[in-house]
Amino acid sequence: MAVLEKSNLNYLSSLSTGNSLEALISAPLTAISKANAMMLSGQAQFILDFCFRNNGDSYSPVLIKMEYTKDGEKSYFHLPLLTILPLNNLAVDKVDVNFCVEVTSTTTHVPSNPVRGNPAKSKVLRKKTRLGAKLAPKENGKYKDNPSKNGISVAIEAKQIPLARGITTLIDVYSKNIITSEE
Amino acid sequence: MNTTSIIACPACGNPISFDIYGLLAGKRFCCSHCSAALALSSESYGVVGNTMQKFEALKASAGR
């Protein structure tokens with residue numbers, strides 16, 4: 001996560017000089033998505049390495065022994081290690097990115113590729129606006145310029161993703177098939 | 001950070017919430033329906049403790 005790729009460095013340098021608004025907003029989300037993917041692939045490898053035994057052509061779950069006491073009688077059951085690990089904690093819990101941008105340029109253009117239908121009408125509808133923007137600098141924790149006056153305030157919030165369906169199914173199946181024994 | 005998991009009570013099927021660090025500390029978790037007490041067997045402390053250490057290391061490396 002801490003390793004900056006060339007694209008990240010380009011992004012950082014563009015913050016002060018200006019870039020398209022889409023790029024400014026999407027870059028932190030892309031970085032978060034990449035970090036999440038790294039964590040999830042690490043988690044998948046962890047599950048294979050520690051929660052399963054490799055039997056050559058198949059995997060079998062590593063079992064742990066649990067005990068439960070009821071009415072003074074002690075019984076035991078085996079449970080796959082996978083079912084007791086707090087696995088979903090490896091995903092990004094919550095990300096709150098707040099920044100203000102200063103719009104540096106506005107350009108409008110009509111894409112050159114041909115469209116079907118009324119050309120005059122579609123020309124108006126196809127008109128695209130591109131906003132050039134850079135981060136609005138902060139001074140003493142406050143934005144130098146009033147963002148509502150000449151800039152845009154951007155707040156991005158991303159929340160935790162649920163566990164992969166395969167893992168959830170595995171845990172569910174294992175949990176529903178607990179068989180107790182005397183030893 | 002939430003480290004709570006849920007397991008079905010082996011006696012009555014009622015969900016029991018438990019914390020893995022609590023299990024490793026020797027804590028018992030009771031079923032609210034039938035009062036069965038759930039704990040980690042002494043034979044499994046090693047494997048669960050070792051796995052949790054690796055798990056914490058993985059989380060720490062992901063956070064760097």
Side-chain angles (χ1 to χ4, degrees), chain A residues 1-3 34-47 49-53 61-94 160 163 171-181 183, chain B:
Chain A
M1 256 173 27
V3 181
K34 276 184 185 173
N36 231 343
M38 278 169 68
M39 284 191 282
L40 289 174
S41 68
Q43 183 174 271
Q45 193 57 50
F46 173 86
I47 289 169
D49 290 346
F50 295 100
C51 299
F52 288 89
R53 252 184 221 102
V62 170
L63 298 174
I64 56 156
K65 197 173 177 182
M66 301 285 288
E67 61 178 51
Y68 85 96
T69 316
K70 196 190 173 194
D71 304 327
E73 276 183 40
K74 196 179 270 187
S75 303
Y76 297 91
F77 63 96
H78 287 89
L79 197 65
L81 178 57
L82 176 70
T83 57
I84 68 162
L85 293 179
L87 287 171
N88 54 351
N89 287 327
L90 276 187
V92 171
D93 269 313
K94 187 183 174 186
Q160 186 176 26
L163 265 183
I171 292 173
D172 191 44
V173 168
Y174 285 146
S175 303
K176 283 178 179 162
N177 286 280
I178 298 169
I179 299 166
T180 56
S181 65
E183 291 210 3
Chain B
M1 181 182 291
N2 181 22
T3 54
T4 307
S5 302
I6 289 174
I7 188 174
C9 173
C12 70
N14 193 52
I16 303 175
S17 295
F18 68 93
D19 175 69
I20 192 161
Y21 294 104
L23 280 180
L24 281 169
K27 198 174 166 187
R28 292 180 170 272
F29 293 87
C30 291
C31 172
S32 59
H33 187 248
C34 72
S35 302
L38 194 76
L40 187 63
S41 174
S42 54
E43 296 159 50
S44 294
Y45 275 90
V47 66
V48 176
N50 184 43
T51 307
M52 278 312 288
Q53 263 184 8
K54 306 278 186 201
F55 190 64
E56 290 299 335
L58 175 70
K59 281 202 285 187
S61 70
R64 276 199 294 270

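Every chain is numbered from 1 and lettered A, B, ... according to where its sequence line falls, protein lines coming before strand lines.
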Closest heavy-atom pair, A/Gly42 versus B/Leu58, reported as atoms and distance to 0.1 Å, is O-CD2, 3.9 Å
Shortest non-hydrogen contact between A/Tyr76 and B/Ser41, atoms and distance: CE2-OG, 4.2 Å
Do you know the tightest heavy-atom contact between B/Ala11 and A/Lys70? CB-CD, 4.0 Å
B/Cys9 versus A/Tyr68: any side-chain heavy-atom pair under 4.5 Å? no
Closest heavy-atom contact between A/Phe77 and B/Ile7? CE1-CD1, 4.2 Å
B/Thr51 and A/Phe46, any side-chain heavy atoms less than 4.5 Å apart: yes
Inter- and intrachain pairs under salt bridge (Lys or Arg N to Asp or Glu O under 4.0 Å), touching residues 9-18 of chain B, at least two apart: none
Is B/Ser44 reaching over with its side chain to a backbone N or O of A/Lys65, donor-acceptor style, under 3.5 angstrom? yes
So what's closer than 4.5 Å to chain A heavy atoms on B/Phe18: side chain, backbone, both or neither? side chain
Steps toward side chain to side chain contact (heavy atoms under 4.5 Å, CB included) verdict (B/Arg28, A/Thr69): CA-CA 9 Å; B/Arg28 292 180 170 272; A/Thr69 316; 3.2 Å; yes
Quick one: pull up CD1 in B/Ile6 and CD1 in A/Ile84 and give me the separation to the nearest 0.5 Å. 14.5 Å
With a 4.5 angstrom heavy-atom cut-off, is it the side chain or the backbone of B/Cys34 that approaches chain A, or both, or neither? both
Mind checking the CG-OG spacing from A/Asp71 to B/Ser35? Nearest 0.5 Å is all I need. 8.5 Å
Within this structure, what is the CD-CD distance for the pair B/Glu43 and A/Glu67, rounded to the nearest 0.5 Å? 9.0 Å
